[in-house]
Engineer: 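Please read through the structure below; I'll follow up with questions.
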Amino acid sequence: MKKLNLLYPILMLFILTSCNLDFSPTDGMSPEQLAKDPSGAAYMTDGNYSLFKDEFATSWSYASGDTYVRHFFLMSEYPSDNICLSGRTTDPLYEATCYKTNPTLANVTTLWWLGYKIIYGANSVIESIKDGADNQSDYIKGENYFLRAICHLHLVTLYAKPYSLGRSNPGIVLRKSTDSSVTTRATVGEVYDQIAADLNEAIRLMSNGGTSRGNAGYASKAAAQGLLTRVYLYMEENQKVVDLTNEMLGGADPSTKLEPTATFPKYFANALTSKETLWAIAHTSLESREQSSIGSMYLNDGSGWGEVYSSDPLNNLYERYPSDIRYKFIVPVYNTTSTNYMITFPIASDGVDFRSNEIHDVTLDSGSGKYYFTINSVKIYVQTEIVNTYSQNFINYNGIKYIVRLTKKMVDRNTFPKYYITKFSYQNNNPMLSSPVMIRWGEVILNRAEAYAKLSINDKALADINIIRTRAGLSGDALFSISNMHGYSSVLDVVLDERRLELAFEGQRLFDLYRNKLNMDRQYAGVQPWEIINYDNGKIQYPIPSNEILVSGIAQNK
C-alpha cells in the first residue's frame, strides 16, 4: 500500500469550505452567467457529474485517488461486515474500517467538501433555468435536482443518524440555493423531506418530453424514481415504495428489467450500457485511476493492491448455494502448486484487538471421509453440523469449539485468504476500470421486497426475492415460500440477507443494518476490532470535519 502524506492546514477551508462556497465551481459558471447563456446549462451539468470522479489536490488530500466516488464507497462499505482488511495501512480507509474516524481525516473532509461543491453547482443550474422554457431545459434542470438530492442523501446517511432513530436528530447543512450566508444543521427529518421533494421535482421536470443525453452515466426520470424508492424505504414510507416501484414497472414483469442470467457475471464491467443500470458514475478508458481506483483495493491483476477481501460471514452466506452466480464476483486465489485442502479459523492474539487466522493443511481420512490435521500425534477432525438447515464445519481444538472454513489450499496475506472482488473491475478489459453503479433495478426490486415484508405482505415479498434469486441462477428448493423459509424466522430476515448477497460492496449493507435497528457483528478474521457494534452507537456517524466547524461554527456529532 502506498504511504500517503496527509496534511490538514486549518485555514484552507476559509477558501474552500463546502458550506461557504462563494466562488464558481471548477468547470462551472455562476447563475448570472448561465442566465445570460442558457446553452451553458448542459456544460455546467456535465461539470457537476465530473465532480463525482475528478481527482482533487487539496491541502488535506491524498497524493492521488482523492475522488468523491472512491471516498463514498470506502466510507459506506468498509465499516460493514462484508469486507476483510488484511493489514494496517496509512490510507484513511483503515480508520473507516475500524470506526476510528476523526474530524481531520482526508476522507471525512473531502467527501463533505465535494458533496457541497456538487450541490452548489446543481443549485447554480437550477436557479438559472426558467421552468417551461423548453422540454430539454426542463430535463437538464431535473438532472440537477437529482444530483442535489443524491449528494444530500449521501451526506445525511454518513454524517447523521439513521432516519429510523428519529426525525429530530441533527442532520446536515441543507443547501436549497447558492445563498450560503447562513450555515446551520437541519434536522434529519428536514433533510429527508427535502431530498424526497427534490426527487419528485426531478421526476416532474424529466417527464416533460426531454430526452437523456447519453448512457446510464446521465440521470434520468427512472434514476430519480429508483433513488426515491430508496429514500422512501429509509423514511419507512413502505406503501410509497410499493406504489412507486409499481409505477416504474408499468405492469411489466420485473425480471425483464434485470440483466439476464447469462450476462450478469459481466454486468458491472458493462454497467453503462446495461438495461439494469439506472445511474452510474461514468468513467472512460482515459479515467482509470489504476492503483488509486476503487478496484485496486479489491484486486491485484497486473496492478492494484488487492488487500481487501470478502469476509468469512459473507462467503459462508454465498456458499449455502454455491451455484449462485453472484459468487462469481468473488474470486478465490488458490495455491496452484498444491492439491491440498486447508482450514482457517480466527484465533485471538495477545496485545491486539482483532483476530488473525490459524491455518492448517488437512488430509482426507479415507475411512471416515472426514478431513483432519495432526497436533502432537493427535488427529483433529473437521466435523459437520446442521444449523438452521445449513451445514457448518467445526473442530474441537484445545478444548474449544471453533467454526472453520474448509477450502482448497489458498494464497493468503497475513493469514487472511485472498478472496478478490471484481465488481469494480474489467470495464474495457481494464482490471482497474469501472463505472461504479449507484442505482440499479436489482436494488429497486429488493426495496419493494423489504417494503412488502414490513407491510406483512409476505407472499409478494418472497416473490420479489425469488425474482432476484432466479436471475442469480437459482431454482427449485433454492427459492423461498411461506412453507419453505430455509430456517429463517421472518421474511424481513430473508430480505436483508438477499440484499446482502445482491448488493455486496455497493455501499448498502451499513445502512441496511443500522436503519433497521440491527447490530453489526464483526466477530470474524480481519484487522477490524473483534466486536459487535450496536445500531445506536454514536460512532456509526462520521464526524463533521473540523475545518467546517471552525468556519461555520455548527455543532459536532456526539
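For clarity, every value in this text was computed on a predicted model and none was experimentally measured.
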Engineer: Does anything in residues 154-172 pair up under salt bridge (charged side-chain N to carboxylate O under 4.0 Å, His left out), and if so which pairs, sequence neighbours excluded?
Structural biologist: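 Every pair satisfying salt bridge (charged side-chain N to carboxylate O under 4.0 Å, His left out) with a residue in residues 154-172: Arg167-Asp193.
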
Engineer: Taking only residues two or more places apart in sequence, or in another chain, which ones meet Ser288 in a side-chain hydrogen bond (donor to acceptor under 3.5 Å, both in side chains)?
Structural biologist: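 With sequence neighbours excluded, Ser288 shows a side-chain hydrogen bond (donor to acceptor under 3.5 Å, both in side chains) to Glu290, Asn430, given in chain and number order.
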
Engineer: Decide whether Tyr163 and Asn169 meet the rule of one side-chain donor and one side-chain acceptor closer than 3.5 Å.
Structural biologist: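 Per modelled atom types, Tyr163 and Asn169 side chains form no pair under 3.5 Å.
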
Engineer: Whether Asp512 and Arg500 form a salt bridge (side-chain N of Lys/Arg under 4.0 Å from carboxylate O of Asp/Glu) is what I want to check.
Structural biologist: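 No, no charged N to carboxylate O under 4.0 Å.
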
Engineer: Not counting sequence neighbours, list each pair that qualifies as a ring-ring contact (aromatic ring centres under 6.0 Å, His included) and has a residue in residues 499-543.
Structural biologist: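 Residue pairs passing ring-ring contact (aromatic ring centres under 6.0 Å, His included), neighbours aside: Tyr298-Phe505.
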
Engineer: With side chain to side chain donor-acceptor pair (under 3.5 Å) as the criterion, how do Tyr68 and Asp54 come out once you've worked through the C-alpha distance, each side chain's angles and the decisive distance to 0.1 Å?
Structural biologist: CA-CA 8 Å; Tyr68 181 104; Asp54 286 348; over 6 Å; no

Engineer: Please enumerate all residues that pass side-chain hydrogen bond (donor to acceptor under 3.5 Å, both in side chains) together with Lys517, with sequence neighbours excluded.
Structural biologist: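 By the side-chain hydrogen bond (donor to acceptor under 3.5 Å, both in side chains) rule, Lys517 matches no residue at all.
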
Engineer: Of the non-hydrogen atoms in Asn428 and Leu433, which two are nearest, and what is the gap between them?
Structural biologist: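 Heavy atoms of Asn428 and Leu433 come nearest at ND2-CD2, 3.9 Å.
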
Engineer: Would you say Tyr381 and Ile395 make side-chain contact, with heavy atoms under 4.5 Å?
Structural biologist: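 No; the side chains remain at least 4.5 Å from each other.
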
Engineer: Is there a donor-acceptor contact under 3.5 Å linking the side chains of Asn270 and Gln427?
Structural biologist: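 Checked: Asn270/Gln427 side chains show no N/O donor-acceptor pair below 3.5 Å.
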
Engineer: Assess the side chains of Ser489 and Asp493: does a donor N or O sit below 3.5 Å from an acceptor N or O?
Structural biologist: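 Indeed, the side chains of Ser489 and Asp493 share at least one donor-acceptor pair under 3.5 Å.
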
Engineer: With salt bridge (charged side-chain N to carboxylate O under 4.0 Å, His left out) as the rule and sequence neighbours excluded, what pairs involving residues 320-344 come up?
Structural biologist: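 Residue pairs with at least one partner in residues 320-344: Asp324-Arg326, Arg326-Glu498, Arg326-Glu502.
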
Engineer: Does Glu319 have any side-chain hydrogen bond (donor to acceptor under 3.5 Å, both in side chains) partners at least two apart in sequence or in another chain, and if so, which?
Structural biologist: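 Testing Glu319 for side-chain hydrogen bond (donor to acceptor under 3.5 Å, both in side chains), a comparison that skips the adjacent residues, returns Tyr327, Arg405.
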
Engineer: Any side-chain heavy-atom pair from Phe416 and Asn357 closer than 4.5 angstrom?
Structural biologist: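 Yes. Closest side-chain heavy atoms under 4.5 Å.
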
Engineer: Salt bridge check: are Glu450 and Arg515 linked by an N-O gap of less than 4.0 Å?
Structural biologist: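 Counted as a salt bridge, because a side-chain N and a carboxylate O are separated by less than 4.0 Å.
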
Engineer: Between Asp91 and Arg70, does any NZ, NE, NH1 or NH2 come within less than 4.0 Å of an OD or OE carboxylate oxygen?
Structural biologist: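 Judged by the 4.0 Å cut-off on N to carboxylate O distance, Arg70 and Asp91 do form a salt bridge.
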
Engineer: Between Arg413 and Glu307, does any side-chain N to carboxylate O distance fall below 4.0 Å?
Structural biologist: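 Yes.
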
Engineer: Apply side chain to side chain donor-acceptor pair (under 3.5 Å) to residues Glu95 and Asn102 and explain how you reach the verdict.
Structural biologist: CA-CA 8 Å; Glu95 282 81 3; Asn102 70 66; 5.8 Å; no

Engineer: Return each pair, listed once, that meets salt bridge (charged side-chain N to carboxylate O under 4.0 Å, His left out) where at least one residue sits in residues 359-371; pairs must be two or more places apart or across chains.
Structural biologist: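 Counting only pairs at least two positions apart or across chains, the salt bridge (charged side-chain N to carboxylate O under 4.0 Å, His left out) contacts touching residues 359-371 are Asp361-Lys409.
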
Engineer: For the rings on Phe52 and Trp279, is their centre-to-centre separation under 6.0 Å?
Structural biologist: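 Yes; Trp279 has its ring centre under 6.0 Å from that of Phe52.
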
Engineer: Determine the interplanar angle of the Phe264 and Tyr267 rings, folded into 0 to 90°, and report it as parallel if under 30°, tilted if 30 to 60°, perpendicular if over 60°.
Structural biologist: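 The rings of Phe264 and Tyr267 lie parallel, inter-plane angle below 30°.
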
Engineer: Does NZ or CZ of Lys418 fall inside the cone over Tyr309's six-membered ring, less than 6.0 Å from its centre and within 45° of the axis?
Structural biologist: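 No, Lys418 does not sit over the ring of Tyr309.
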
Engineer: Could you list all the ring-ring contact (aromatic ring centres under 6.0 Å, His included) pairs where at least one residue sits in residues 337-363, not counting sequence neighbours?
Structural biologist: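 Output for this query lists Tyr341-Tyr371, Phe345-Tyr397, Phe345-Tyr402, His360-Phe373, His360-Tyr397.
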
Engineer: Please tell me if the side chains of Val495 and Ile465 come closer than 4.5 Å, counting only heavy atoms from C-beta onward.
Structural biologist: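 Answer yes - side chains close enough.
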
Engineer: Is any side-chain heavy atom of Tyr419 closer than 4.5 Å to a side-chain heavy atom of Ile83?
Structural biologist: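 No, too far: nothing below the 4.5 Å cut-off.
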
Engineer: Residues two or more places apart in sequence or in another chain: which of them pass side-chain hydrogen bond (donor to acceptor under 3.5 Å, both in side chains) with Ser425?
Structural biologist: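 Not a single residue meets the side-chain hydrogen bond (donor to acceptor under 3.5 Å, both in side chains) criterion with Ser425.
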
Engineer: Side chain to side chain donor-acceptor pair (under 3.5 Å), that's the test. Do Thr384 and Asn393 meet it? Break it down for me.
Structural biologist: CA-CA 5 Å; Thr384 302; Asn393 294 317; 3.1 Å; yes

Engineer: Hey, does His486 have a side-chain heavy atom less than 4.5 Å from the side chain of Asp477?
Structural biologist: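 SC-SC contact between Asp477 and His486 confirmed.
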
Engineer: Check this for me: does any side-chain nitrogen of one of Arg471 and Glu276 sit under 4.0 Å from a carboxylate oxygen of the other?
Structural biologist: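 The answer is yes: the pair qualifies as a salt bridge.
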
Engineer: Are any non-hydrogen side-chain atoms of Val404 and Phe394 less than 4.5 angstrom apart?
Structural biologist: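 A side-chain contact under 4.5 Å is absent here.
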
Engineer: Would you check if Leu85 and Leu93 make a side-chain contact, meaning some heavy-atom pair closer than 4.5 Å?
Structural biologist: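 Heavy-atom side-chain distance check passes, below 4.5 Å.
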
Engineer: For Thr187, which residues count as a side-chain contact (heavy atoms from CB on, under 4.5 Å) partner, sequence neighbours excluded?
Structural biologist: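 If we apply the side-chain contact (heavy atoms from CB on, under 4.5 Å) test to Thr187, skipping adjacent residues, the hits are Glu190.
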
Engineer: Can you list the residues that meet the side-chain contact (heavy atoms from CB on, under 4.5 Å) rule with Val378, with sequence neighbours excluded?
Structural biologist: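 Applying side-chain contact (heavy atoms from CB on, under 4.5 Å) to Val378 gives Ile380.
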
Engineer: Between Thr97 and Leu74, is any pair of side-chain heavy atoms under 4.5 Å apart?
Structural biologist: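 They are not in side-chain contact.
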
Engineer: Do Glu236 and Lys454 sit within salt-bridge range, that is, some charged N less than 4.0 Å from a carboxylate O?
Structural biologist: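 No.
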
Engineer: Could you note down all residue pairs passing salt bridge (charged side-chain N to carboxylate O under 4.0 Å, His left out) where residues 518-540 supplies at least one of them, sequence neighbours left out?
Structural biologist: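 Salt bridge (charged side-chain N to carboxylate O under 4.0 Å, His left out) check on residues 518-540 returns Glu531-Lys539.
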
Engineer: Do the charged groups of Glu548 and Arg185 touch, with an N to O distance under 4.0 Å?
Structural biologist: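 Answer for the salt bridge query: no.
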
Engineer: Does the ring centre of Phe424 sit less than 6.0 Å away from the ring centre of Phe268?
Structural biologist: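 No - the distance between ring centres of Phe268 and Phe424 does not fall below the 6.0 Å cut-off.
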
